[in-house]
Amino acid sequence: MGRLKIKKSLNHTFTFKSLVPSIFEKLHWFNRQLYPFLLKFAGVVCIVIFTIWGLKEVWNTLTDLSIFKVNPATLTFNVPPWMDNRFSEDIKQVEALHGHYSLYERDIANRIATIYGDMVVIKKVDVVKRVFPNKLNIRFTMRRPFALIKKGENFYLVDEEGVLLPKEYYKFSDVDYISPYIQSRKLSRLPLPGKEWNDKKIKAGIALVKFLRINNIHNLFGIVSVDVTNVHREKYSRGSDIILWTENNTQIRWGCSSLFKPPDELTDEEKLQNLLSIAKIEGTSLKQMEYVDVRWSKPVGKRWGN
């Protein structure tokens, strides 16, 4: 039994020794065939990497040339006729766009649109288009004033959505949004510029001013202001929620706003017909009238001194 084990062990030893030369021959063959390939592959990889790096550096150098750069201070903006020229100057001084920037900067159009879109007087940025080598085509939708709000001795501007606007960017002559103005002795807290003035009185005033302008009633009757002090009163009263004041100091008692009117209230169109029926008798100036009341199906009025 012992001799058999020794014999098997010797056979395994001789078999392993016979395999060693074969293994070394295969390794030597792989070295001759694979090593040059690996060297060539490594060389190609290095060339590709350096080529990409070189092209990137060349690209960065070229796109950094002044010919491809825009300076916000040199931009020209065509503002609407109802805006003051101050805006076209201030928009060039936006801090986030200070200095020169390249048209090849990554996502530059979206960045500019976001920065300008955050400005109070810009409702939305419609287009920011790069025009190579160094121009931008930018188009805005501006917030246009719709009405002047008077509270005490102070005046404020709002757009059609009731958003408070900075007065310094808008004109106050030869514009249609200053007449008739909306007035009230009681208004909610003043919002920040660019934020909606969430007050039911202002909403009612804007709605009625829009109606008056569409029908040109403010010009026909010389209406200078829309008083919304009593709009949406908590307690019942027979007084008029809205009073229109003419340039002859005549009151036109309009009643409730169309936004908050009770079911039995006349519509704005019906009230207008009542007003026109009075004008046929008294004239559109209403200068002989202390007040006219158009809230009822049959309008009433009172002359001065009666």
For a 4.5 angstrom cut-off between non-hydrogen side-chain atoms, does [X] reach [Y]?
| X | Y | result |
| --- | --- | --- |
| Arg303 | Glu282 | yes |
| Ile178 | Tyr170 | no |
| Tyr116 | Arg111 | no |
| Met119 | Ile91 | yes |
| Met289 | Trp304 | no |
| Ser285 | Asn248 | yes |

Trp296: which other cluster members, linking ILVMFWY side chains closer than 4.5 Å, directly or transitively?
Val300

Partner of [X] under side chain to side chain contact (heavy atoms under 4.5 Å, CB included), chosen from [options]:
| X | options | result |
| --- | --- | --- |
| Gln251 | Ile243, Asp227, Asp293 | Ile243 |
| Ile149 | Leu190, Val228, Leu187, Leu157 | Leu187 |
| Leu244 | Val292, Ile252, Ile217 | Ile252 |

Indicate the atoms forming the closest heavy-atom contact of [X] with [Y], along with that distance.
| X | Y | answer |
| --- | --- | --- |
| Arg253 | Arg295 | O-CG, 3.7 Å |
| Ala113 | Val125 | O-CG2, 3.4 Å |
| Cys256 | Asp241 | SG-OD2, 3.7 Å |

Counting neighbours of NZ on Lys171 that are heavy atoms of other residues, nucleotides or ligands and sit closer than 6.0 Å, is the number greater than 12?
yes

Could you check whether atom CG of Asp174 has more than 12 heavy atoms from other residues, nucleotides or ligands sitting under 6.0 Å from it?
no

Those residues at least two apart in sequence (or on a different chain) that pass salt bridge (Lys or Arg N to Asp or Glu O under 4.0 Å) with Glu265 are Lys271

Could you work out, with salt bridge (Lys or Arg N to Asp or Glu O under 4.0 Å) as the rule, every residue matching Asp126, not counting sequence neighbours?
Lys124

Worked verdict on Ile112 versus Ile138 for side-chain contact (heavy atoms from CB on, under 4.5 Å):
CA-CA 9 Å; Ile112 292 173; Ile138 306 174; 4.3 Å; yes

Under 3.5 Å, sequence neighbours excluded: what are the donor-acceptor pairs made by side chains of residues 200-213?
residue, atom, partner, partner atom, Å
Lys200, NZ, His232, NE2, 3.1
Lys201, NZ, Thr229, O, 2.8
Lys201, NZ, Val231, O, 3.1
Lys203, NZ, Glu196, OE2, 2.5
Lys210, NZ, Glu160, OE2, 2.7
Arg213, NE, Ser179, O, 3.4
Arg213, NH1, Phe146, O, 2.6
Arg213, NH2, Phe146, O, 3.0
Arg213, NH2, Asp176, O, 3.4
Arg213, NH2, Tyr177, O, 3.4
Arg213, NH2, Ser179, O, 3.3

Can you sort out the partners of Tyr169 under ring-ring contact (aromatic ring centres under 6.0 Å, His included), two or more places apart, ordered by chain and number?
Phe87

Residues two or more places apart in sequence or in another chain: which of them pass ring-ring contact (aromatic ring centres under 6.0 Å, His included) with Trp197?
Tyr156

So does Arg86 pair up with Asp84, basic N to acidic O under 4.0 Å?
no

Connected via hydrophobic side-chain network under 4.5 Å: Val79 and Val120:
no

